[in-house]
Amino acid sequence: MSPSPQEYKVKSWTLISTGILFAGTFLRFYTIDAPLISDELASASIWAQMPYAQIPVNYQFPNNHIFHTLLISFLLKTFGPYSFIIRMPVLIAGVASLILTFLCALRITANWAAAVAALTFTAFAASPVYYSSNARGYALLMVFALLTMWWLHPFLISIKSSVSDTIEKASWPIYFGLFLVWSLGTWTVPTFVYFEGMLAIWLFGALLLAQESNRLVLLKIFIILLIAIGLFFVQYFVIIQPEMLKVAISNAAASTSGKFFPQLLNEWTRPWEFCGLLFIALAWFGVTAIVQRSRRLGLALVATIVLPPFLGWFVGSIGLTKSVPDPRVFHYCIPFFYMAVATG
């Protein structure tokens, strides 16, 4: 019996996406055994060598991505100082982020072509490739952000839909998963709190607009988020000594108010930075198309792309933090940007 047109379409797109996934994995694996350099060398040679209990309390430089450092410390002490072993967590995270990008894009856009395009951009973009083979914590954050979108998707389908039954069937695994990725996110890189700030704004708005039957579930998730943010403050303002934190902040890479957004676009679009304005236009058209299908889903995608870097720029510009953060800390926004671009 010959396959139906729909089955043939699904099979064709699946084969194409599998090929792109293998190509993206090869790019990430290609330099996995190269000598450690720069910040990853500092992480492996300084903090990862410490006793486990000392890693979370030593933060003279912000390139101690605590959770990631604990992972590579275990690998280094167990298997030895081999670069491919030390980079294994980010390689796994990089490949996982490709799979999650495709799955999330397919859910958000409901379009195989757009999902494959989003996968393609993420697979070959310079920044995701680099941080999937460089022993830093940024690839982990991308996985955490994508998992958040995957688990929260039922809330983003329609403002009129009832999601309580959907979520409550697997409530505790979902709640625990969200708590875990949000806690580990800021425990890896503290600027992940901007992503959580975006979530807090969205969840607060969703609570105000939600049906009565959905508010309890949303409130539970909101409380879980606040607990995770509370743990962020405990880690960086209680466990880490204030004097040490000041030293770390003074050593942090930074941008400026005027240069931040051009640098951010360049970071997100390399090696196609010469098409930056075209990507912005495509992202606009893509978000517009998603909003027409589901207003809530489209606005959530816009918030995920725009709000974390905007919050980082804003608090740095008005002096709440010492400086505007380096655009690379918003690495986790890249897949969502390409979902919008691919849809456009």
Side-chain angles (χ1 to χ4, degrees), residues 13 16-21 23-24 27-28 94-132 138-139 141-150 152-153 156 194-195 198 202 260-310 312-313 327-344:
W13 283 119
I16 293 170
S17 60
T18 302
I20 295 168
L21 175 63
L27 284 177
R28 287 150 175 77
V95 175
S97 68
L98 293 181
I99 296 170
L100 286 167
T101 295
F102 174 76
L103 294 176
C104 287
L106 191 58
R107 266 191 171 185
I108 291 170
T109 66
N111 185 302
W112 279 88
V116 170
L119 170 63
T120 303
F121 282 128
T122 308
F124 297 108
S127 185
V129 171
Y130 177 74
Y131 286 115
S132 297
Y138 299 115
L141 299 189
M142 186 178 286
V143 172
F144 296 156
L146 287 163
L147 284 173
T148 297
M149 178 63 79
W150 180 262
L152 291 183
H153 178 265
L156 308 176
Y194 294 125
F195 178 79
M198 175 276 297
W202 181 84
F260 174 77
F261 288 107
Q263 290 174 343
L264 182 72
L265 182 62
N266 182 74
E267 179 75 15
W268 286 4
T269 57
R270 289 185 298 124
W272 314 290
E273 59 268 33
F274 56 90
C275 297
L277 294 179
L278 175 61
F279 279 12
I280 291 176
L282 288 172
W284 173 264
F285 290 126
V287 166
T288 301
I290 294 171
V291 167
Q292 289 175 350
R293 188 172 65 87
S294 171
R295 183 180 179 185
R296 200 176 187 193
L297 182 58
L299 292 178
L301 183 62
V302 171
T304 307
I305 297 168
V306 174
L307 272 184
F310 175 79
W313 170 83
R328 71 180 178 224
V329 304
F330 303 103
H331 176 73
Y332 52 80
C333 296
I334 291 176
F336 305 103
F337 175 67
Y338 282 131
M339 290 177 203
V341 171
T343 307

- [ ] Check step by step if side chain to side chain contact (heavy atoms under 4.5 Å, CB included) holds for R296 and V291.
- [x] CA-CA 7 Å; R296 200 176 187 193; V291 167; over 6 Å; no
Working to the nearest 0.5 Å, report the span between [atom1] of [X] and [atom2] of [Y].
X    : Y    : atom1 : atom2 : value
L299 : I290 : CG    : CD1   : 11.0 Å
L119 : I20  : CG    : CD1   : 5.0 Å
I16  : L21  : CD1   : CG    : 13.5 Å
R328 : E267 : CZ    : CD    : 8.5 Å
T101 : F121 : OG1   : CZ    : 13.0 Å
L152 : C104 : CG    : SG    : 10.5 Å

Using a 4.5 Å cut-off on heavy atoms from C-beta on, say whether the side chain of [Y] contacts that of [X].
X    : Y    : value
W202 : L307 : no
W112 : L106 : yes
L146 : W150 : no
L282 : L278 : yes

Task: Sequence neighbours excluded - side chain to side chain donor-acceptor pair (under 3.5 Å) pairs with any residue from residues 271-290 - done: none
Under 3.5 Å, sequence neighbours excluded: what are the donor-acceptor pairs made by side chains of residues 330-340?
{"unit_1": "H331", "atom_1": "ND1", "unit_2": "S127", "atom_2": "OG", "d": "3.1"}
{"unit_1": "Y338", "atom_1": "OH", "unit_2": "W268", "atom_2": "O", "d": "2.5"}

- [ ] Return the set of residues passing ring pair (Phe, Tyr, Trp, His ring centres under 6.0 Å) with F261 (not counting sequence neighbours), or none when no residue passes.
- [x] W313
TODO: Taking R28 for its side chain and V95 for its backbone only, find out whether a donor-acceptor pair lies under 3.5 Å.
DONE: no
On a heavy-atom basis, which atom in [X] and which in [Y] lie closest, and how many Å separate them?
X    : Y    : result
A342 : A117 : CB-CB, 3.5 Å
G298 : V287 : O-CG1, 4.2 Å
P309 : F260 : O-CE2, 3.6 Å
S17  : F102 : CB-CE1, 3.8 Å
P308 : T304 : CD-O, 3.4 Å
G94  : A139 : N-CB, 4.4 Å

